[in-house]
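Each remark here refers to the structure printed beneath this line.
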Amino acid sequence: MNDTPRIPAIRVTLLPKDTNWHGTIFGGVLLSQIDLAAAIEARKHTRHRTVTVAMQEVEFKKPVYVGDVVSFYTDVVRRGSTSLTIHVDVEANRHDDPTKVVKVTQAVVIFVAVGPDGQKCTLN
């Protein structure tokens with residue numbers, strides 16, 4: 001068992017501008033933040049620029065509300081010669097009870113390293 005505390009790639013508080021007409025956060029806002037968190041993780045593993053080529057397994061389990069603090073935790077689950085596959089867990093600390101943490105969603109994001117010419121290259 002690992003007792004090291006998890007450190008999120010990013011942590012954000014979502015605002016009224018991020019809401020739909022139901023008063024919950026747009027799924028697209030969360031997808032954008034998932035992509036950003038995964039990109040930050042990818043950057044740790046290569047000196048090359050990376051681009052997102054796929055996002056898999058996204059299912060929204062719980063809503064996110066204005067004022068929630070949302071944390072995005074990342075782990076590399078596969079490293080290929082030109083690609084990285086990164087798992088992202090998303091949790092929300094509720095604005096009305098900061099001790100309450102709920103799992104919002106998770107995703108798998110695949111990045112490919114590209115060289116200065118924009119073509120796929122090895123990660124190194």
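Note that the coordinates shown come from a computational prediction; the quantities given were computed from them, not determined experimentally.
Rounded to the nearest 0.5 angstrom, Ile86 CD1 and Thr52 OG1 are separated by 8.5 Å. In this structure, Glu41 CD and Leu36 CG are separated by 12.5 Å, a value rounded to the nearest 0.5 Å. Within the model, atoms CD of Gln56 and NE2 of His87 stand 11.0 Å from one another, a figure rounded to the nearest 0.5 Å. Within the model, atoms NZ of Lys62 and OG1 of Thr24 stand 13.5 Å from one another, a figure rounded to the nearest 0.5 Å. Here the NE2 atom belonging to His48 is positioned 14.0 Å from the CZ atom belonging to Arg43, to the nearest 0.5 angstrom. Atoms SG and CZ, from Cys121 and Arg49 in turn, are 9.5 Å apart once rounded to the nearest 0.5 Å.
Judged by distance alone, the side chain of Asp35 and the main-chain N or O of Ser32 form no donor-acceptor pair under 3.5 Å. Remark: the backbone N or O of Glu59 is paired with a side-chain donor or acceptor of Thr105 at under 3.5 angstrom. A distance-only check finds a donor-acceptor pair linking the side chain of Arg79 to the backbone of His45 [under 3.5 Å]. Looking only at distances, a side-chain donor or acceptor of Asp97 sits under 3.5 Å from a matching main-chain atom of Thr99. Side chain of Asn93 to backbone of Pro98: a donor-acceptor contact under 3.5 angstrom is found.
For Arg94, the CZ atom is densely surrounded, since the number of other residues' heavy atoms within 6.0 Å is greater than 12.
Looking at every heavy atom in both residues, Ala107 comes nearest to Val58 through CB-CG2, 3.5 Å. The two residues Ala38 and Val88 make their nearest non-hydrogen contact at CB-CG2, 4.0 Å. Nearest heavy-atom pair across Ser71 and Arg11 is OG-NE, 2.8 Å. The two residues Arg78 and Ser83 come nearest to each other via the heavy atoms NH1-OG, 3.5 Å. The two residues Phe72 and Ala37 have their closest heavy-atom pair at CB-CB, 3.6 Å. In plain terms, the two heavy atoms of Leu123 and Gly80 that are nearest each other are CD1-O, 3.2 Å.
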Practice prompt. Please assess Thr74 against Ile40 for the test side-chain contact (heavy atoms from CB on, under 4.5 Å), listing each intermediate value before the final yes or no.
Written response: CA-CA 9 Å; Thr74 56; Ile40 289 169; over 6 Å; no

Item to complete: Determine, step by step, whether Thr85 and Val108 satisfy the side-chain contact (heavy atoms from CB on, under 4.5 Å) criterion, reporting the C-alpha distance in whole Å, the side-chain angles of both residues, the deciding distance to 0.1 Å, and the verdict.
Response: CA-CA 7 Å; Thr85 303; Val108 174; 3.4 Å; yes

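In terms of the salt bridge (charged side-chain N to carboxylate O under 4.0 Å, His left out) criterion, residue partners of Lys103 (sequence neighbours excluded) are, by chain and number, Asp89.
Under a hydrophobic-cluster definition in which Ile, Leu, Val, Met, Phe, Trp and Tyr are linked whenever side-chain heavy atoms come within less than 4.5 Å, directly or via other members, Leu14 and Val69 are assigned to different clusters. One hydrophobic cluster, built from ILVMFWY side chains closer than 4.5 Å, holds both Met55 and Ile25. Both Val104 and Val29 are members of a single hydrophobic cluster when ILVMFWY side chains are connected at heavy-atom separations under 4.5 Å.
In this structure the side chain of Val70 never reaches within 4.5 angstrom of the side chain of Gln33, judged on heavy atoms. Between Val90 and Phe60, every side-chain heavy-atom pair lies at or beyond the 4.5 Å cut-off.
Exactly one of Thr13, Asp18, Thr19 qualifies for a side-chain contact (heavy atoms from CB on, under 4.5 Å) with Val66. That residue is Thr19.
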Extract all donor-acceptor atom pairs below 3.5 Å that involve side chains of residues 110-119 and protein atoms in other chains or at least two apart in sequence.
residue	atom	partner	partner atom	Å
Asp117	OD1	Gln119	N	2.9

